[in-house]
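Here's the structure we're looking at; comments come further down.
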Amino acid sequence: MKKITVNTQTAYDVLTGRNLLEDCRDDMAKIIEGRKICIISDENVWNIHGENVKKHLSAMAQSVCVYNFAPGEESKNINNLYDILEFLAENGLKRKDVVVTLGGGVTGDLGGFAASVFLRGIRLVHIPTSLLAMVDSSVGGKTAINLKKGKNLAGSFYQPSMVLCDIGLLETLPYENYTEGMAEVIKYAVVFDENLFEILKKGEKADENIISRCVDLKRIVVEEDEHDNGSRMLLNFGHTLGHSVEKLSNFGISHGNSVAIGMAILTKGCQKLGLCEDGTYEALLDMLKIYNLPYDCDYSAEELVNAAKNDKKSESAGINLIIPEKIGCCKVEKMSYDRLLEIVKAGK
Ligand code: GLY
């Protein structure tokens, strides 16, 4: 088991390994013992893992209640947020009680947002069940719901009290959910870590070492820039165009697949315009193919850039774009939408 402490305003541990509910009882007891717990989960995840998690938490908690919602990105909305808040109130949770999110990125974002605003913030534990949530969304304190105008347009920065990345939970994950998580793992390698990129070339499944390496890379960035004003933006590599693809497809193309497409189009465009080292695009493309990830889409450059104008990272004069200079090294560059369009046209 690996333990990484994230030293944000309130520090917390991210535990990665197997059988964590058994082996990390003492760590969990510090937060959960004698408290009321609300587990938030989608119906699919609940049916697979819910009763087992509830059994373990019930052994320590004063009481456990469960809120389930329909799976899918559409559930990350204000109605579900409102229902969860009412549910927490009806069940009498107090400030020191705990919301436990059990699921992927949608569950962590929605449940995390609810925990951050209920009683102005109650304790939060994430138990991510997807690779994407383990390596990215459960760490760093971003919570959100979607608005009609775009993804994650309302939310908060709210760090959890603990994150349990139990890789045994990944064994029941459908293949496409696993590969979309690999898109985020590849993102870390391209942005920060050439060695990780070399390891991934072997096409191996993400294990404890790979997952905790990604968590540690995220820790470094989040500790430096908790509120996303500087270096944390690097984690957005591929996400500006990725969010456009997600939105244009009405969330029919998953987040990870959209990020893969976003990274590929952007890197191709940057390479064609001489903004990154030759061979970077080919190396990324080979990697995406190894993990059966997509690298193009039917949307035009104009459609992608127009959709990006509603991205929350955008400003009226332009956007902060993450430029891949070479594998293992990216930079943030402020640019106009016209310049972005030039790059995307070159990448299509
Ligand atoms: N998922 C990007 C971030 O946490 O900043």
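For this chain, numbers begin at 1 and follow the sequence in order. Order of listing sets the numbers, starting from 1, for every ligand and every atom in it.
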Validation: residues 102-118 side-chain donor-acceptor distances under 3.5 Å, sequence neighbours left out:
unit_1 : atom_1 : unit_2 : atom_2 : d
Asp109 : OD2    : Lys76  : NZ     : 2.8
Ser116 : OG     : Phe113 : O      : 2.7
Ser116 : OG     : Ser156 : OG     : 2.8

Please tabulate, one pair per line, all N/O donor-acceptor pairs under 3.5 Å involving side-chain atoms of residues 24-36, not counting sequence neighbours.
unit_1 : atom_1 : unit_2 : atom_2 : d
Asp27  : OD1    : Lys3   : NZ     : 3.0
Lys36  : NZ     : Gly92  : O      : 3.4

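The ligand atoms of ligand 1 that sit less than 4.0 angstrom from a heavy atom of Asp136 are 1 (N), 2 (C).
Nearest to atom 4 (O) of ligand 1 by heavy-atom distance, out of Met233, Lys218, His239, is Lys218.
Salt bridge annotation for Asp166-Arg18: absent, with no cationic side-chain nitrogen under 4.0 angstrom from a carboxylate oxygen.
Ring geometry, His255 versus His243: the interplanar angle falls from 30° to 60°, so the pair is classed tilted.
Residue-ligand proximity: Asp228 is placed with every non-hydrogen atom at 4.0 Å or more from ligand 1.
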